[in-house]
S.K.: 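Questions regarding the structure given below will be posed in turn.
Chain letters run A, B, ... following the sequence lines, proteins first, then strands; residues in each count from 1.
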Amino acid sequence: MKARNDLAKITDFIGNYSSHLLGAGVHTSRVLRNAERIAKSQGVSVRLTYSLRNIVVSVSDPKSDETITKVIGIPVLPISFERNTDLSALSWKALDTGMSLEEIKCEYDTLVSKPRIHPAAVLAMASLANAAFCRLFNGDWLSCGIVFLSTAAGFAIRQLMQKKKVNHYITVIATAFTASMCAASSLLWECTSEIALATSPLFLVPGVPLINGIIDIMEGHVLTGCSRLINAMLIIICIAIGLAATLTIFKSSLL
Amino acid sequence: MTTHLATILTDGLLAAIAAMGFGAISNPPKRAFPRIALLAACGHALRYSLMNFADIDIATASFCAAMVIGFGSLLLGRGARCPMTVLYIPSLLPMVPGTYAYKSVFSLIMFMHSLNTPEQGVEYMQQFFLNATVSLSVIALLAAGATLPVFLFKEKAYSMTRQR
C-alpha cells in the first residue's frame with residue numbers, strides 16, 4: 001500500500017512526464033502507453049484525459065483504492081523527436097528493470113536537459129534541404145541557390161521571432177513572407193522563378209501535427225486529433241497568407 | 001536504361017538531403033539520420049518511378065511510397081531504437097506536393113483579382129479546386145500510407161524503444 005505522500009509524488013511525476021511528451025509533439029496514444037508503463041513500474045494505475053492545453057492525471061493505488069487527481073498545464077516546447085525516443089525508452093526501462101521513482105526522476109532530468117542540435121546547424125541543413133526540394137521540383141541550379149539563401153533568411157527570422165516569443169502564427173506568416181520575398185529575387189534572372197517561389201516557404205509545412213492528428217483520430221482520440229489538425233491547418237493558412245502577400249506584389253511578373 | 005537509373009538515383013539522393021534537413025528542424029536523435037535518408041530516398045525514388053514509368057497518378061504513387069516508408073521504418077526503427085514516427089515523418093516531407101499547393105494559392109489570388117471578368121474568374125477557380133484537391137489528397141494519403149503498418153503490426157510498432 002502506498003502512503004498518500006508517495007502517491008502524490010507519483011502523480012506529479014507522471015503528470016510532468018506526460019505533459020512534457022505532449023508538449024514535445026508526441027501523439028496521444030504513445031503518451032498514454034508510456035504513462036501506463038511508468039505507473040505499472042510503481043505498482044499503481046493511471047488514467048489520463050487530454051486537451052491541447054491541459055492534462056488531467058488520475059493515479060490510483062489498487063491496494064488502498066486511494067486516488068489522486070491533478071490538472072497540469074502542457075508546456076509549449078519545440079518539437080523534439082529525441083525527447084520522444086528517450087522518454088519512451090525510459091518508460092520501458094522503468095517497467096523492465098523495476099526502477100524506483102527517484103531513479104526514474106533522475107534519469108528523466110538528465111534526458112530533458114540534453115542539448116538540441118545547434119540552431120546554426122539546423123539553419124544550414126534546412127536551407128540545403130529546401131534547395132534539394134527545389135531541384136526535386138525540376139528547378140534549375142540558380143533557383144536552387146536562391147532557395148537556399150531565401151530559406152536561410154526565412155529561418156533566421158523564425159529563430160529570432162521564436163527567441164523573442166512572438167505569437168507562433170505571426171511568426172509563420174512573417175517567415176513565409178520573408179522566404180518568398182527573397183525567392184522573388186529570382187524574377188530578376190532567367191531561371192525557374194515560379195518553382196523557387198513555390199519551394200521557398202515549404203520548410204514550414206507542419207508535418208508532425210498533421211500526422212499526429214491523423215494517428216490520434218485513427219486510434220480513437222478524435223477530439224485531440226481534430227485539435228491537432230485544426231492547429232496544422234492554421235499553420236498552413238499562415239504559410240499561404242505569407243506567400244500570398246508576395247504573390248500579390250509580383251503577380252504581374254508571374255503571369 | 002542507364003540514364004533512367006541515374007535519374008532515379010539522383011531523385012533518391014535529393015530526397016535524402018531534403019528529408020535529413022527537414023528532419024533536423026524536429027531534433028531527431030543523431031543515429032536516426034542515416035535511416036531517415038535511406039527511407040526518404042527509397043520512398044521518393046519509388047514514387048518517381050511509379051509516376052514516370054508506370055503512369056500511375058501522384059496520389060496513388062504517394063500512397064504506395066508512404067507505405068514502403070512505413071514498413072521500412074518498422075524494420076529500421078528497431079535497430080535504432082526509435083519510434084516509427086521519428087523515422088517516417090521526416091521521410092515523408094520531401095513528398096509534400098509543393099507546386100500544387102503553390103498553384104492553389106496563386107489561383108485563389110488571381111480569382112480575387114478577376115471578379116470583374118467572370119470567365120477568367122471561373123478558370124482560376126477551377127484551377128484552385130484542381131490544385132487544392134491534389135494537394136489535400138496527396139497529404140492525406142501520405143499520412144494514411146505511412147500509418148497503416150502501425151495498425152497492422154501494433155505490438156512490434158509499440159515496442160521499438162524497448163531494450164532487450
S.K.: Is there a side-chain contact between B/Asp11 and A/Leu136 (heavy atoms, below 4.5 Å)?
M.R.: yes

S.K.: Between B/Ala32, B/Pro83, B/Ala24, B/Ala80, which residue shows the highest count of heavy-atom pairs closer than 4.5 Å to chain A?
M.R.: B/Pro83

S.K.: Give the member of B/His44, B/Lys30, B/Met20 that has the highest number of heavy-atom pairs under 4.5 Å with chain A.
M.R.: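 Sorted descending by pairs with chain A, the first entry is B/His44.
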
S.K.: Can you pull the ring pair (Phe, Tyr, Trp, His ring centres under 6.0 Å) pairs that have at least one residue in residues 125-150 of chain A, sequence neighbours excluded?
M.R.: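 Residue pairs passing ring pair (Phe, Tyr, Trp, His ring centres under 6.0 Å), neighbours aside: A/Phe133-A/Phe137, A/Phe133-B/Phe22.
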
S.K.: Kindly check if the number of other-residue, nucleotide or ligand heavy atoms within 6.0 Å of NE2 (B/His4) is above 12?
M.R.: no

S.K.: Below 4.5 Å from any heavy atom of chain A, which atoms of B/Phe33 appear? Answer side chain, backbone, both or neither.
M.R.: side chain

S.K.: Heavy atoms only, distances under 4.5 angstrom: which of A/Ile211, A/Ile241, A/Val122 has the most pairs with chain B? Name it, please.
M.R.: A/Ile211

S.K.: Considering only heavy atoms, which portion of B/Thr99 lies under 4.5 Å from any heavy atom of chain A: side chain, backbone, both, or neither?
M.R.: both

S.K.: Would the number of heavy atoms belonging to other residues, nucleotides or ligands and lying under 6.0 Å from CZ of B/Phe129 be above 12?
M.R.: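 No.
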
S.K.: Using every non-hydrogen atom in the two residues, find where A/Arg37 and B/Tyr158 come nearest and quote the distance to one decimal.
M.R.: NH2-O, 3.5 Å

S.K.: For chain B, which candidate among A/Asn130, A/Ile195, A/Val205 shows the most heavy-atom pairs at distances under 4.5 Å?
M.R.: A/Asn130

S.K.: With a 4.5 angstrom heavy-atom cut-off, could you sort out which part of A/Ile214 is near chain B: side chain, backbone, both or neither?
M.R.: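 Interface part for A/Ile214: side chain.
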
S.K.: So B/His113 and A/Thr248, side-chain contact (heavy atoms from CB on, under 4.5 Å) or not? Walk me through it.
M.R.: CA-CA 9 Å; B/His113 286 277; A/Thr248 309; 4.0 Å; yes

S.K.: Supply the atom-to-atom distance B/Tyr102 OH to A/Ser200 OG, rounded to the nearest 0.5 angstrom.
M.R.: 9.0 Å

S.K.: Just so I know, are the side chains of B/Ile89 and A/Phe81 near enough to count as touching, which here means a heavy-atom distance under 4.5 Å?
M.R.: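 Yes. Closest side-chain heavy atoms under 4.5 Å.
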
S.K.: With a 4.5 angstrom heavy-atom cut-off, is it the side chain or the backbone of B/Tyr48 that approaches chain A, or both, or neither?
M.R.: neither

S.K.: Quick one: list whatever passes salt bridge (charged side-chain N to carboxylate O under 4.0 Å, His left out) with B/Lys103, sequence neighbours left out.
M.R.: none

S.K.: Please state whether the side chain, the backbone, both or neither of A/Arg33 comes within less than 4.5 Å of a heavy atom of chain B.
M.R.: side chain

S.K.: Please examine the side chains of B/Pro28 and A/Asn84, heavy atoms only from C-beta on, and report whether any two atoms are closer than 4.5 Å.
M.R.: no

S.K.: If you look at every heavy atom in B/Ala18 and A/Ala129, which pair is closest and at what distance?
M.R.: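 Where B/Ala18 meets A/Ala129 most closely, the heavy atoms are O-CB, 3.3 Å.
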
S.K.: Do A/Ile215 and B/Thr85 have side chains that get closer than 4.5 Å, going by heavy atoms?
M.R.: yes

S.K.: Heavy-atom distance under 4.5 Å to chain A: side chain of B/Leu92, backbone, both or neither?
M.R.: side chain

S.K.: Minimum heavy-atom separation for B/Pro29 to A/Thr85, with atom names?
M.R.: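 That closest heavy-atom pairing would be CG-OG1, 3.7 Å.
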
S.K.: Let me know if B/Ile25 has heavy atoms under 4.5 Å from chain A in its side chain, its backbone, both or neither.
M.R.: both

S.K.: What do the steps show when you test B/Val150 against A/His27 for side-chain contact (heavy atoms from CB on, under 4.5 Å), and what is the final call?
M.R.: CA-CA 13 Å; B/Val150 179; A/His27 63 89; over 6 Å; no

S.K.: Side chain from CB out, backbone as N, CA, C, O: work out which of these in A/Thr199 comes under 4.5 Å of a heavy atom of chain B, or both, or neither.
M.R.: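 Contact with chain B involves no heavy atom of A/Thr199 at all.
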
S.K.: Using a 4.5 angstrom heavy-atom cutoff, name the option from A/Glu219, A/Arg83, A/Lys93 with the most pairs to chain B.
M.R.: A/Glu219

S.K.: Which atoms of B/Ala157 are under 4.5 Å from chain A, going by heavy atoms: the side chain, the backbone, both sets, or neither?
M.R.: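 B/Ala157 touches chain A through backbone heavy atoms alone.
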
S.K.: Using a cut-off of under 4.5 Å on heavy-atom pairs, state which of B/Asn27, B/Thr161, B/Ile109 scores highest against chain A.
M.R.: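 Winner by heavy-atom pair count: B/Asn27.
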
S.K.: Using non-hydrogen atoms and a 4.5 Å limit, figure out which bit of B/Ala19 sits close to chain A: side chain, backbone, both or neither.
M.R.: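 It is neither, since no heavy atom gets under 4.5 Å.
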
S.K.: Take B/Arg81 and A/Trp92 through the side-chain contact (heavy atoms from CB on, under 4.5 Å) test and state the conclusion after the steps.
M.R.: CA-CA 11 Å; B/Arg81 288 207 309 279; A/Trp92 276 115; over 6 Å; no

S.K.: Taking atom CD of A/Gln162 as the centre, does the number of heavy atoms from other residues, nucleotides or ligands within less than 6.0 Å exceed 12?
M.R.: yes

S.K.: Tell me, side chain or backbone of A/Leu210 under 4.5 Å from chain B's heavy atoms, or both, or neither?
M.R.: side chain

S.K.: If you count every heavy atom of other residues, nucleotides or ligands that lies below 6.0 Å from B/Asp55 atom CG, does the total exceed 12?
M.R.: no

S.K.: So which residues of residues 149-160 of chain A are in contact with chain B at a heavy-atom cut-off of under 4.5 Å?
M.R.: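 Only A/Phe155, A/Arg158 of residues 149-160 of chain A have a heavy atom under 4.5 Å from chain B.
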
S.K.: Taking the side chain as everything from C-beta on, heavy atoms only, tell me whether B/Gln163 gets closer than 4.5 Å to A/Asp96.
M.R.: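 No. Closest side-chain heavy atoms not under 4.5 Å.
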
S.K.: With a 4.5 Å heavy-atom cut-off (strictly below), which parts of residues 131-143 of chain B touch chain A? List them by number.
M.R.: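 Hits under 4.5 Å: B/Ile139, B/Ala143.
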
